[in-house]
Amino acid sequence: MRTTRRSVLVGTAAAGFGLFSIRPSHAAPEITLRLSNNVSADHPLSVRANQAAKRIAAETDGRVELKVFINSQLGADTDVLSQVRSGAIDFQMISGEVLSTMVPTAGMYAMGFAFPNYDKVWSAMDGDLGSYIRRQIEAAGLYVMTRMWDNGFRQITSSSKEIKTPEDLRGFKIRVPVSPIYTSLFQALGASPVGLNFSELYSALQTGVVDGQENPLVVIQTARLYEVQKYCALTNHLWGGTWFIGNRARMEKLPPNLRDIVTKHINEAALDERADIAQTAAKVRADLSAKGMTISEPNLEPFKAMLNGSGFYAGWQKRVGDEAWALLEKYVGPLG
C-alpha cells in the first residue's frame with residue numbers, strides 16, 4: 001500500500017481519538033435543569049433568564065441545558081415553590097414577598113415606603129441585608145443565587161377611579177400576591193386586599209372579582225393589564241425583588257465546575273436585567289399612556305402618615321426580629 005502524506009495525517013487524527021473526545025454539537029444534554037417563572041416571554045426576567053440559558057449551554061459545550069418555563073406553565077407560584085422544595089422542579093424565580101410565606105424575612109425589604117430609590121435598594125440587597133436574607137433562605141433548605149433580580153417599584157391600578165388619597169382605598173378590593181406583607185400593608189391603608197396568585201390576576205380583573213391591583217409598570221405592560229385597568233397611580237408604595245432559588249440537593253449534585261458556570265451566568269443575567277428595568281422605565285410609562293391608561297402622581301405623604309399611625313412597622317419588626325430590622329434601617333433610616 002502506498003503511503004501518502006494525507007493517509008498519515010488521517011491515521012494520526014484517527015489514532016488521536018483515543019486520547020481525547022469531541023462532543024458532537026447535536027448531542028443531547030447530560031443535565032437538564034427546569035426553571036419556572038410567572039411572567040411573559042418579553043418581560044426582562046424571562047429575556048435575561050433565556051440569555052443565561054444560552055450562555056450556560058455554550059460554556060458547557062451543551063452538557064447543561066437550562067429550560068425556562070414562563071407564564072406559570074409549571075404551576076402557580078405557591079405550587080411551584082412546593083415542587084422546588086421536593087425536587088420536582090429545579091429552579092424558581094419568585095418574589096421575596098411570596099417566599100415570605102415560608103421564610104418570613106425573605107420579603108422584608110418590601111416594607112411600605114421603605115426604599116426611596118434604587119441606590120438604596122441595591123446597596124442593601126447587595127450588602128448586609130441581602131446577605132442576611134440569603135442565609136435565612138438557605139437555612140430553610142433552599143439554594144439561592146447571590147444576585148437578586150429587579151421586579152420594580154409597585155404602582156396601584158384601578159378599573160373605576162383614580163387613587164389620589166388613602167380615602168380612595170377605603171374598602172377598595174385590590175388583588176395582592178399571596179403574601180402576608182402585602183395583605184397587612186393594604187389593610188393598614190384601609191383597603192380590602194384579596195390574595196391571588198399572579199396566574200389568576202387578569203381573569204380576576206376582567207370579571208370584577210377585584211377592582212384593582214398593584215404591580216410594577218413593566219408587569220402592567222407585559223401582562224397587558226392595561227386592557228382591563230384604566231387608571232394607574234404612581235405610588236411607589238414598595239419595591240419588589242425576585243429571588244432565584246433552587247433545590248439544594250440538585251445543585252449540590254452538580255459537578256463543581258458545572259455548578260460554577262450555572263451560578264456565574266445566572267448572577268450575570270440578574271445584573272443585566274436590573275439595567276433593563278432602569279433603562280426602560282420612562283418608555284414603559286409612555287407606552288401605557290399611549291395605550292389609554294390615565295397615569296397620575298398622587299401626594300404620598302398622607303399614605304405614609306396613615307401607615308405610620310397604623311402600627312404596621314411595629315408589627316413587622318416583631319415578626320422579623322430586631323436583628324433583621326436593624327439591618328433594614330441601616331439602609332433606609334428609622335421606620336415608623
Side-chain angles (χ1 to χ4, degrees), residues 28-60 62-99 101-102 106 137 141-145 147-152 177-179 196-204 215-216 218-225 240-254 258-259 261-270 272-274 276-277:
E30 298 172 14
I31 298 167
T32 297
L33 302 169
R34 299 200 302 164
L35 164 65
S36 173
N37 74 28
N38 64 5
V39 293
S40 61
D42 55 347
H43 190 289
L45 289 173
S46 295
V47 172
R48 293 302 184 176
N50 278 301
Q51 167 195 290
K54 291 176 182 177
R55 292 178 176 177
I56 289 166
E59 188 166 348
T60 62
R63 294 175 64 193
V64 179
E65 176 187 37
L66 177 63
K67 297 185 71 173
V68 182
F69 293 86
I70 62 170
N71 266 341
S72 303
Q73 290 173 317
L74 299 183
D77 292 339
T78 48
D79 297 329
V80 172
L81 177 58
S82 295
Q83 293 185 71
V84 170
R85 294 181 69 187
S86 70
I89 296 174
D90 304 296
F91 292 124
Q92 180 180 16
M93 303 176 85
I94 184 172
S95 75
E97 303 91 280
V98 174
L99 184 55
T101 59
M102 175 183 170
I137 296 172
L142 293 167
Y143 190 93
V144 59
M145 296 295 172
R147 300 295 187 181
M148 198 172 196
W149 299 54
D150 187 13
N151 203 26
V178 182
S179 164
L196 294 171
N197 280 303
F198 187 77
S199 58
E200 304 171 81
L201 173 56
Y202 190 97
S203 175
N215 257 303
V218 68
V219 174
I220 297 168
Q221 179 196 48
T222 57
R224 305 175 71 88
L225 300 184
T242 296
W243 293 110
F244 197 116
I245 62 171
N247 180 270
R248 178 187 287 178
R250 176 66 157 153
M251 285 298 286
E252 290 178 346
K253 287 180 181 177
L254 289 180
L258 297 183
R259 184 168 61 244
I261 292 171
V262 170
T263 57
K264 177 183 74 172
H265 287 299
I266 288 172
N267 285 322
E268 287 178 353
D272 291 337
E273 186 268 348
R274 294 180 189 181
D276 292 340
I277 296 293

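Here, residue 1 is the first one in the sequence, and each next residue gets the next number.
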### Message
Under the ring pair (Phe, Tyr, Trp, His ring centres under 6.0 Å) definition, can you give me all pairs with a residue in residues 64-95, not counting sequence neighbours?
### Response
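Every pair satisfying ring pair (Phe, Tyr, Trp, His ring centres under 6.0 Å) with a residue in residues 64-95: Phe91-Phe244.
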Find the distance between [atom1] ([X]) and [atom2] ([Y]) and round it off to the nearest 0.5 Å.
X      : Y      : atom1 : atom2 : answer
Lys264 : Ile266 : NZ    : CD1   : 12.0 Å
Asp150 : Leu45  : CG    : CG    : 8.0 Å
Gln92  : Asp77  : CD    : CG    : 6.0 Å
Leu254 : Arg63  : CG    : CZ    : 10.0 Å

### Message
I'd like to know if the side chain of Thr101 reaches the main chain of Val98, judged simply by a donor and an acceptor atom lying under 3.5 Å from each other, with no hydrogens or angles considered.
### Response
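Checking the backbone N and O of Val98 against the side chain of Thr101, a donor-acceptor pair under 3.5 Å is found.
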Can you find a heavy atom in the side chain of [X] that is under 4.5 Å from one in the side chain of [Y]?
X      : Y      : result
Thr263 : Met145 : yes
Arg259 : Val262 : no
Trp243 : Leu142 : no
Ser40  : His43  : yes
Ile94  : Ile245 : yes

### Task
Test side chain to side chain contact (heavy atoms under 4.5 Å, CB included) on Glu273 and Arg147 and set out the steps.
CA-CA 11 Å; Glu273 186 268 348; Arg147 300 295 187 181; over 6 Å; no
### Message
Side chains of Ser199 and Asn197: any donor to acceptor distance under 3.5 Å?
### Response
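Short answer, no.
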### Message
Please find the pair of heavy atoms, one from Glu97 and one from Ser179, that lie closest to each other, and give the distance.
### Response
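Residues Glu97 and Ser179, closest heavy atoms: O-OG, 2.7 Å.
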### Heavy-atom closest pair, residues Tyr202 and Ala223
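Looking at all heavy atoms of both residues, the shortest contact is CD1-O, 3.8 Å.
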### Neighbour count >12 (heavy atoms, 6.0 Å) for atom CZ, Arg85
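Counting neighbours around CZ of Arg85, 12 or fewer heavy atoms of other residues, nucleotides or ligands fall under 6.0 Å, so no.
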